[in-house]
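Presented below is the structure to which this report refers.
None of the values given here were measured: they were computed from a predicted structure.
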Amino acid sequence: MPDSAVQLSIKPALTLAQLKPVPGERVRLETRIPRARYSVRFIGLHEGGGVLVSSPKPGAGRTLPNEGASLTVKLAAGNHICAFQARLLKIQYLPFPHWVLEYPAQIDVRKLRAHTRVPVNLMVTVDNETSDNGFPMSVFCNDICLKGASLEAGRMLGNPGEKLFITTRVSVAGLDHVMLIPAVLRSVYQRESGPVGVFRHGVEFFDLEEETRLVLAGFVYQQCLYESGYLEEYES
């Protein structure tokens, strides 16, 4: 090998077996012709052999794909969301209705990180340490992650370094939760939006209580699943 040659180390791609999806996890199946989506449950896999999922529930006027159909498969495994293409190899009815999908040779994997921001349409109430100068006030949160959020308001909420308290109500797995989140204002800039300027604020969360951290993590994770197409808003 010439001295000038550079040897690259390529990290091998993750396989579905390495991600170890949990039995019972929700799986999204999509077909193009006809265009349809089906929500099923992961049962198990045989590496290199196949992937087992529950059969979709039949519905009035609902057409299910036949064996050999091409499917887009989306599922969550730990803190990863993955998607792959697979053929429907076999439709089985015994000992219970289930489908055997082709084991994927390649999967697209997205890792959920603490700084992964997801878009939201969330109204929040913001207060400062003294509850004066027009506080508390309602503002719009347009993205959020485990570490912070972006808030939009018609005026400045404060100067970088000042503390704020954010209160909001979110739904996680069909249950309503109220979160009170202490935050530090890290950035402020004004952007033009029609005749009225809008101030966008970057805030960093700190000193979260354990219950708040759990609810926030569940909410952010759920929003990531919505964005990936793995879940739909109307699903419980």
**OP:** Would you mind listing the cluster partners of L180? Hydrophobic ones only (ILVMFWY), side-chain contacts under 4.5 Å, chaining allowed.
**Re:** F165
**OP:** Measure the spacing between CD of Q18 and NE2 of H80 and express it to the nearest 0.5 Å.
**Re:** 10.5 Å
**OP:** Following the transitive rule for hydrophobic clusters with a side-chain heavy-atom cut-off under 4.5 Å over Ile, Leu, Val, Met, Phe, Trp and Tyr, establish whether L164 and L208 coincide in one cluster.
**Re:** yes
**OP:** Verify the cluster assignment for V51 and V27: are they in a single hydrophobic cluster under the rule of side-chain heavy atoms below 4.5 Å apart?
**Re:** yes
Original post:
Can you tell me how far CZ of R37 sits from CG of L71, rounded to the nearest 0.5 angstrom?
Top reply: 13.5 Å
Subject >> E102 side chain vs R87 backbone, donor-acceptor pair below 3.5 Å >> reply: yes
Subject >> Check against side chain to side chain contact (heavy atoms under 4.5 Å, CB included), K90 and E67 >> reply: CA-CA 6 Å; K90 193 71 176 177; E67 292 181 358; 3.5 Å; yes
Original post:
Which pair of non-hydrogen atoms, one from V109 and one from L14, has the smallest distance, and what is that distance?
Top reply: CG1-CD1, 4.4 Å
**OP:** May I ask you to list the residues sharing a hydrophobic cluster with M123, side-chain cutoff 4.5 Å, ordered by chain and number?
**Re:** F140
**OP:** Please list all pairs passing the salt bridge (Lys or Arg N to Asp or Glu O under 4.0 Å) test where one or both residues lie in residues 215-226, with sequence neighbours left out.
**Re:** none
Original post:
Which heavy-atom pair separates H201 from A153 by the least distance, and what is that distance?
Top reply: CE1-CB, 4.1 Å
Original post:
If two hydrophobic side chains count as joined below 4.5 Å and joins carry through other members, does Y103 share a cluster with L19?
Top reply: yes
**OP:** Starting at CZ of F205, measure out to OG1 of T212 and round the result to the nearest 0.5 Å.
**Re:** 10.5 Å
**OP:** Kindly determine whether L45 and L16 satisfy side chain to side chain contact (heavy atoms under 4.5 Å, CB included), including the steps that lead there.
**Re:** CA-CA 9 Å; L45 61 83; L16 187 60; 3.9 Å; yes
Original post:
Roughly how far apart are F219 CZ and L214 CG, rounded to 0.5 Å?
Top reply: 15.5 Å
Subject >> Minimum heavy-atom distance between L151 and C141, given as atom pair plus value >> reply: CD2-CB, 3.8 Å
Original post:
Is it the case that one hydrophobic cluster holds both L29 and I43, taking links as side-chain heavy atoms less than 4.5 Å apart, direct or via other members?
Top reply: no
Original post:
Is there side-chain contact between I144 and Q223, with at least one heavy-atom pair below 4.5 Å?
Top reply: no
**OP:** State the CH2-OH distance between W99 and Y93, to the nearest 0.5 angstrom.
**Re:** 9.0 Å
Subject >> side-chain hydrogen bond (donor to acceptor under 3.5 Å, both in side chains): pairs with one or both residues in residues 164-182, sequence neighbours excluded >> reply: none
Subject >> Non-neighbouring partners of R186 that pass side-chain hydrogen bond (donor to acceptor under 3.5 Å, both in side chains), sequence neighbours left out >> reply: E204
**OP:** Measure the shortest side-chain to side-chain distance between D143 and V118 over non-hydrogen atoms and say whether it is less than 4.5 angstrom.
**Re:** no
Original post:
Taking the side chain as C-beta and beyond, is there a heavy-atom pair between V120 and N142 under 4.5 Å?
Top reply: no
Original post:
Does S54 reach the main-chain N or O of R41 with its side chain, forming a donor-acceptor pair under 3.5 Å?
Top reply: yes
Original post:
In Å and rounded to the nearest 0.5 Å, what is the NZ to CD distance from K163 to E129?
Top reply: 5.5 Å
Original post:
Is there a side chain to side chain donor-acceptor pair (under 3.5 Å) between R28 and S39 once you walk through the steps?
Top reply: CA-CA 5 Å; R28 167 75 65 186; S39 181; 5.4 Å; no
Original post:
Are any of the side-chain heavy atoms of V203 and V184 separated by less than 4.5 Å?
Top reply: no
Subject >> Nearest heavy atoms of R110 and C224, plus distance in Å >> reply: NH1-O, 4.3 Å
**OP:** Applying ring-ring contact (aromatic ring centres under 6.0 Å, His included), name anything that partners F96, two or more places apart in sequence or on another chain.
**Re:** H98
**OP:** Carefully, step by step, assess L64 and Y38 under the rule side chain to side chain contact (heavy atoms under 4.5 Å, CB included).
**Re:** CA-CA 9 Å; L64 298 181; Y38 310 94; 3.5 Å; yes
**OP:** Walk me through it: do V170 and M179 pass the test side chain to side chain contact (heavy atoms under 4.5 Å, CB included)?
**Re:** CA-CA 8 Å; V170 298; M179 295 192 296; 4.0 Å; yes
**OP:** Determine whether L89 and I91 fall in the same hydrophobic cluster, where Ile, Leu, Val, Met, Phe, Trp and Tyr are linked whenever their side-chain heavy atoms lie under 4.5 Å apart.
**Re:** no
Subject >> Minimal non-hydrogen separation, S138 against T125, with atom names >> reply: OG-OG1, 4.2 Å
Original post:
With a cut-off of 6.0 Å (strictly less than), are more than 12 heavy atoms of other residues, nucleotides or ligands near CD of E209?
Top reply: no
Subject >> Non-hydrogen side-chain atoms of I107 and T15 separated by less than 4.5 Å >> reply: no
Original post:
If we only count heavy atoms from C-beta on, is the V40 to S55 side-chain gap below 4.5 Å?
Top reply: no
Original post:
Would you say V22 and F42 make side-chain contact, with heavy atoms under 4.5 Å?
Top reply: no
Original post:
For A217 and L146, which heavy atoms make the closest approach, and how far apart are they?
Top reply: CA-CD2, 3.5 Å
Original post:
Is there side-chain contact between I166 and V139, with heavy atoms separated by less than 4.5 Å?
Top reply: no
Original post:
Does NZ or CZ of R213 lie under 6.0 Å from the centre of the six-membered ring of F206, at an angle within 45° of the ring axis?
Top reply: no
